[in-house]
Amino acid sequence: MALTGRTALLAAIGSLPVGILAPSWTGMLAVNAPLSLAILCDYMLAAPVRTLRFTRSGDTTVRLGDGAEVELMVANPSRRRLRADVRDAWPPSSWSTGSEQTASRHKVDVPAGERRRMKTLLRPTRRGDRQAERVTVRSYGPLGLAARQGSHRVPWSVRVLPPFTSRKHLPSRLARLRELDGRTSVLTRGEGTEFDSLREYVPGDDTRSIDWRATARQSSVAVRTWRPERDRHILLVLDTGRTSAGRVGDVPRLDAAMDAALLLTALAARAGDRVDLLAYDRRTRARVQGRAAGDVLSAMVDAMATLEPELVETDARGLSAAALAAAPRRSLVVLLTTLDAAPIEEGLLPVLPQLTQRHTVLVASVSDPHADEMTKSRGTAQAVYEAAAGAQAQAQRRHTAEQLERHGVTVVDATPQNLAPALADAYLALKAAGRL
């Protein structure tokens, strides 16, 4: 049983005259006995909670930052009218700060034998699966003095997907891809390394593209046209070890790497290449393999939704072995990891020749824009020390990048906002150069 504020107010109002005019146990009993009887009757007339029936419907997936609507249907099979407060509980990360109180609580009035629908708006603040908790009901009697209270388990799950904020860069990169294909109205021929077709020579064409054998068989000069490589294999490797847990600004490094991987996946799928995903630290955390171009992006988003950084050191040898097993033929291996000196020099560099011998390797890393701000600090002794620390950190990253480049690795080092477009540009440059 739960008593309401109205009950406390009536008890206080009845006790005041007794306490002032005739303070005695008899007077208190004369006031509280009728109130207790009213509370008991009100409790008995309240609709029972255990017999209520709940069902759910609504959204099962939502992108991080968007809202999901989950409907809760309550049916009242009893003979009493249900007047109740309902709390639809979800994990704290299912709401934006300060909105849980209003979003999760509902007032319902359900006549006997009828049902009503309630809508709960979720706005998750983290990726992953959000499971519904208990539905708590407080059923009030007609006088509003007492209430029955109970809970029901009504399972429902909403998967929170990565936001894919870098998709705004996709149209400009697709336009660049069409230029490489020679399918735009600009006055340039399509670049690439795969032979496409023959056409008649026009002034301005590169004379190195003239096909002399075809020219000898016809009366006009024929030139070869080329197209970028297609049907190549790209393996995206996400390092989910401890370094991916660091936050750069308001974004974890892993989330920034995921966003860049999604943009590259969308671009490569449109370019006719095959894209796979491997998430690894000391074991495989997620894998997407062998998906068609139309399904690969949704599969990637779904696989990344539940990924979280693991607070362990990444096993570089295991990562290399897993990447080689996932890409048995020549591929572009895109490793999204850190450029910190220790993990690279002690972990990746010793096993890097195994990858570069068979594959084209690209390493993409998230840099901290705060380091650039530190290097500009001046005016005080503390500011000078900050500038020196920022310059030293940048020098170490450049040294690490140079070590990787000496092994034939392409390195992309950019801030969280710029990593995705920079990685897409590096892919297009490799494609245009015929290095996939």
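Expressed to the nearest 0.5 Å, how far CD of Glu386 lies from CE of Met374 amounts to 5.5 Å. Rounded to the nearest 0.5 angstrom, Leu64 CG and Thr125 OG1 are separated by 7.5 Å. Atoms CE and CZ, on Met73 and Phe54 in that order, are 11.5 Å from each other to the nearest 0.5 Å. Between the CG atom in Leu236 and the OG1 atom in Thr265 there is a gap of 4.5 Å [rounded to 0.5 Å]. For the atom pair CG (Leu82) and CG (Asn76), the distance works out to 5.0 Å, reported to the nearest 0.5 Å. Within the model, atoms CG of Leu52 and CZ of Arg115 stand 14.0 Å from one another, a figure rounded to the nearest 0.5 Å.
Using modelled atom types and a 3.5 Å distance limit, the side chains of Thr51 and Ser78 yield no donor-acceptor pair. For Asp281 and Thr240, the side-chain atoms include at least one donor-acceptor pair closer than 3.5 Å. One side chain, Asp276 or His233, offers a donor N or O that lies under 3.5 Å from an acceptor on the other. At a cut-off of 3.5 Å, with distance as the only test, no side-chain donor of Thr306 or Arg127 sits close to an acceptor on the other residue. If you check the side chains of Tyr140 and Asp85, you find a donor sitting under 3.5 Å from an acceptor.
Contact between Arg116 and Val110 at its shortest, heavy atoms only, is CG-CG2, 3.5 Å. A pairwise comparison of heavy atoms in Ala271 and Tyr427 identifies CB-OH, 3.5 Å as the closest pair. Of all the heavy atoms in Trp95 and Leu121, the pair that sits closest is CZ3-O, 3.5 Å. When all heavy atoms are compared, the tightest approach of Pro416 to Pro369 is CD-CD, 4.1 Å. Taking both residues in full, the closest heavy atoms of Gly379 and Ala383 are given as N-CB, 4.5 Å, listed atom of the first, atom of the second, then distance. Scanning both residues, Phe164 and Ala266, for their nearest heavy atoms gives CZ-CB, 4.4 Å.
Between Asp425 and Arg173, at least one side-chain nitrogen of the basic residue sits less than 4.0 Å from a carboxylate oxygen of the acidic one, meeting the salt-bridge criterion. The pair Arg242-Glu313 counts as a salt bridge, with a side-chain nitrogen and a carboxylate oxygen less than 4.0 angstrom apart.
Side chains of Leu278 and Gln289 form no contact here, defined as non-hydrogen atoms less than 4.5 Å apart. Contact check for Thr120 versus Glu69: no side-chain heavy atoms found under the 4.5 Å cut-off. Put simply, the side chain of Met258 reaches to within 4.5 Å of the side chain of Leu238, judged on heavy atoms. Residues Glu133 and Pro91 meet the side-chain proximity criterion, which asks for heavy atoms closer than 4.5 Å. Between Asp315 and Arg283 there is no side-chain heavy-atom pair separated by less than 4.5 Å. Looking at heavy atoms from C-beta onward, Thr136 lies in side-chain contact with Gln149 at the 4.5 angstrom threshold. Using a 4.5 Å heavy-atom threshold, the side chains of Leu170 and Leu267 count as touching. Within the 4.5 Å cutoff, no side-chain heavy atoms of Arg53 are placed close to those of Thr55.
Put simply, the side chain of Thr284 never gets that close to the backbone of Ala286: no donor and acceptor are under 3.5 Å apart. With Ser367 contributing its side chain and Thr415 its backbone, the two residues share a donor-acceptor pair below 3.5 Å. The main-chain N or O of Tyr43 is found under 3.5 Å from a side-chain atom of Arg148 such that the two form a donor-acceptor pair. Judged purely by atom type and a 3.5 angstrom limit, Asp239 has no side-chain atom pairing as donor or acceptor with the backbone of Leu336. Side chain of Ser331 to backbone of Ala327: no donor-acceptor contact under 3.5 angstrom is found. His152 places a side-chain N or O within 3.5 Å of a backbone atom of Val49 that can act as its donor or acceptor partner. A distance-only check finds no donor-acceptor pair linking the side chain of Asp59 to the backbone of Thr61 [under 3.5 Å]. Ser365 places a side-chain N or O within 3.5 Å of a backbone atom of Thr337 that can act as its donor or acceptor partner.
The side chain to side chain contact (heavy atoms under 4.5 Å, CB included) test with Met118 is passed by exactly one of Asp88, Val86, Val70: Val86. When each of Arg87, Arg105, Arg123 is tested with Glu100 by the rule salt bridge (charged side-chain N to carboxylate O under 4.0 Å, His left out), just one qualifies, namely Arg87.
Summarising the local packing, CZ of Arg329 is surrounded by 12 or fewer heavy atoms from other residues, nucleotides or ligands at distances under 6.0 Å. Within a 6.0 Å radius of CZ in Arg317, no more than 12 heavy atoms belonging to other residues, nucleotides or ligands are found. Environment of CZ in Arg159: crowded, with over 12 heavy atoms of neighbouring residues, nucleotides or ligands closer than 6.0 Å. Counting non-hydrogen atoms of other residues, nucleotides and ligands closer than 6.0 Å to CZ of Arg167 gives a total above 12.
Relative to the ring axis of Tyr280, Arg285 does not place its NZ or CZ within 45° and under 6.0 Å from the centre.
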Derivation of the salt bridge (Lys or Arg N to Asp or Glu O under 4.0 Å) call for Arg397 and Asp368: CA-CA 11 Å; Arg397 292 181 72 86; Asp368 191 350; over 6 Å; no
Test log, rule side chain to side chain donor-acceptor pair (under 3.5 Å), inputs Thr165 and Asp259: CA-CA 7 Å; Thr165 56; Asp259 195 50; 3.2 Å; yes
Test side chain to side chain contact (heavy atoms under 4.5 Å, CB included) applied to Arg117 and Leu72, step by step: CA-CA 6 Å; Arg117 188 187 307 271; Leu72 182 66; over 6 Å; no
Test side chain to side chain contact (heavy atoms under 4.5 Å, CB included) applied to Arg63 and Val301, step by step: CA-CA 10 Å; Arg63 287 197 180 276; Val301 170; 4.2 Å; yes
Pair Leu122-Val62, side chain to side chain contact (heavy atoms under 4.5 Å, CB included): steps then yes or no: CA-CA 9 Å; Leu122 307 179; Val62 61; over 6 Å; no
Thr314/Arg282 under side chain to side chain donor-acceptor pair (under 3.5 Å): CA gap, chis, key distance, verdict: CA-CA 6 Å; Thr314 299; Arg282 288 187 175 273; over 6 Å; no
Steps toward side chain to side chain donor-acceptor pair (under 3.5 Å) verdict (Asp372, Thr375): CA-CA 5 Å; Asp372 294 334; Thr375 59; 5.1 Å; no
Side chain to side chain contact (heavy atoms under 4.5 Å, CB included) assessment of Leu339 paired with Leu404: CA-CA 10 Å; Leu339 280 182; Leu404 293 172; 3.7 Å; yes
